[in-house]
Amino acid sequence: MIEQFGYVAAFLGAGMLFLGLILTLARFIRPNRPNVEKNSTYESGEAPVGNANIRFNPRFYVIALLFVLFEIELVFLFPTATLLKDKALSAAAPEFPMYAVFEILLFVGILALGLAFAWVKGYLNWEKPETAAEKLNIPIPDSVYDSIRTKHSGPK
């Protein structure tokens with residue numbers, strides 16, 4: 001049994017040695033001619049504008065998480081779908097296709113509930129609707145509020 005771990009260790013060692021050899025060989029073979037254009041920041045083919053250390057809208061992260069979620073859905077559904085068309089498996093276990101379809105529908109249903117939740121909460125809306133402040137009919141002039149705001153906002 002211990003020799004099987006030896007095979008795995010030898011395989012991993014050979015893989016790391018091969019990788020190190022290839023990377024070292026590539027370092028000596030490749031041309032090294034740096035210039036200003038090559039060393040500049042690359043931003044989708046455009047010249048970078050502004051500082052990279054800015055705050056991103058959290059909606060970017062929500063959309064990215066939803067994308068990853070549905071990509072993982074495809075990773076789980078593809079093997080099941082390929083097994084569904086296997087005639088030998090269907091002949092050996094006649095209940096498998098119905099079980100697999102039920103499993104797929106349950107999985108997609110749970111993901112659809114998550115998508116519906118994100119939709120209802122407004123996470124998929126890129127632009128949040130801005131509500132206008134209600135104009136109140138009060139006897140205090142706006143200049144009083146402006147002076148209070150400037151007094152408490154501090155120096156800028």
Side-chain angles (χ1 to χ4, degrees), residues 4-5 7-9 11-13 15-16 18-20 22-23 26 30 34-156:
Q4 286 145 354
F5 288 114
Y7 293 141
V8 172
F11 185 75
L12 288 175
M16 285 191 264
F18 179 73
L19 182 65
I22 293 297
L23 289 176
R30 72 173 180 235
N35 60 31
V36 175
E37 188 174 350
K38 282 184 183 178
N39 291 336
S40 68
T41 306
Y42 180 76
E43 190 175 305
S44 300
E46 299 291 327
V49 177
N51 189 0
N53 298 325
I54 60 172
R55 291 184 181 199
F56 284 100
N57 193 329
R59 286 187 217 121
F60 285 116
Y61 300 111
V62 172
I63 297 295
L65 285 174
L66 287 172
F67 173 76
V68 168
L69 176 74
F70 286 100
E71 284 298 308
I72 290 173
E73 172 193 8
L74 288 176
V75 168
F76 283 129
L77 289 181
F78 184 74
T80 310
T82 54
L83 284 176
L84 271 176
K85 70 177 195 172
D86 188 9
K87 302 278 189 229
L89 182 62
S90 296
E95 68 278 353
F96 173 74
M98 199 56 154
Y99 174 74
V101 168
F102 174 73
E103 181 182 330
I104 288 173
L105 289 176
L106 181 68
F107 183 65
V108 171
I110 290 171
L111 288 176
L113 283 174
L115 181 62
F117 175 77
W119 193 343
V120 167
K121 286 290 190 179
Y123 295 145
L124 300 179
N125 295 337
W126 196 250
E127 297 284 331
K128 293 278 185 181
E130 292 186 23
T131 56
E134 185 178 327
K135 189 67 177 170
L136 300 175
N137 190 12
I138 54 174
I140 302 171
D142 287 337
S143 61
V144 174
Y145 290 113
D146 291 334
S147 67
I148 292 171
R149 283 189 203 107
T150 55
K151 177 182 171 186
H152 290 288
S153 64
K156 292 187 178 181

Would you mind reporting whether [Y] and [X] have side-chain heavy atoms less than 4.5 Å apart?
X    : Y    : result
T150 : D146 : no
F96  : L83  : yes
E71  : F67  : yes
L115 : L69  : no

Could you grab the distance from atom [atom1] of [X] to atom [atom2] of [Y], nearest 0.5 Å is fine?
X   : Y   : atom1 : atom2 : answer
L23 : F18 : CG    : CZ    : 9.5 Å
L65 : Y61 : CG    : OH    : 10.5 Å
F70 : L77 : CZ    : CG    : 10.5 Å

Q: Apply the test side-chain contact (heavy atoms from CB on, under 4.5 Å) to residues I110 and L106: give CA-CA distance (whole Å), side-chain angles for both, the deciding distance (0.1 Å), then the verdict.
A: CA-CA 6 Å; I110 290 171; L106 181 68; 4.3 Å; yes
**Q.** Residue list, side-chain contact (heavy atoms from CB on, under 4.5 Å) with S90, at least two apart or on another chain
**A.** P97
Q.
Heavy-atom count check: over 12 atoms from other residues, nucleotides or ligands less than 6.0 Å from F76 CZ?
A. no
Q.
Looking at every heavy atom in both V75 and P79, which two are closest together, and how far apart are they?
A.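 So the minimum-distance heavy-atom pair works out to O-CD, 3.0 Å.
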Q.
Checking M98 against F102 for the side-chain contact (heavy atoms from CB on, under 4.5 Å) test, could you report, in this order, the C-alpha distance in whole Å, the side-chain angles of both residues, the deciding distance, and whether it holds?
A. CA-CA 6 Å; M98 199 56 154; F102 174 73; 5.9 Å; no
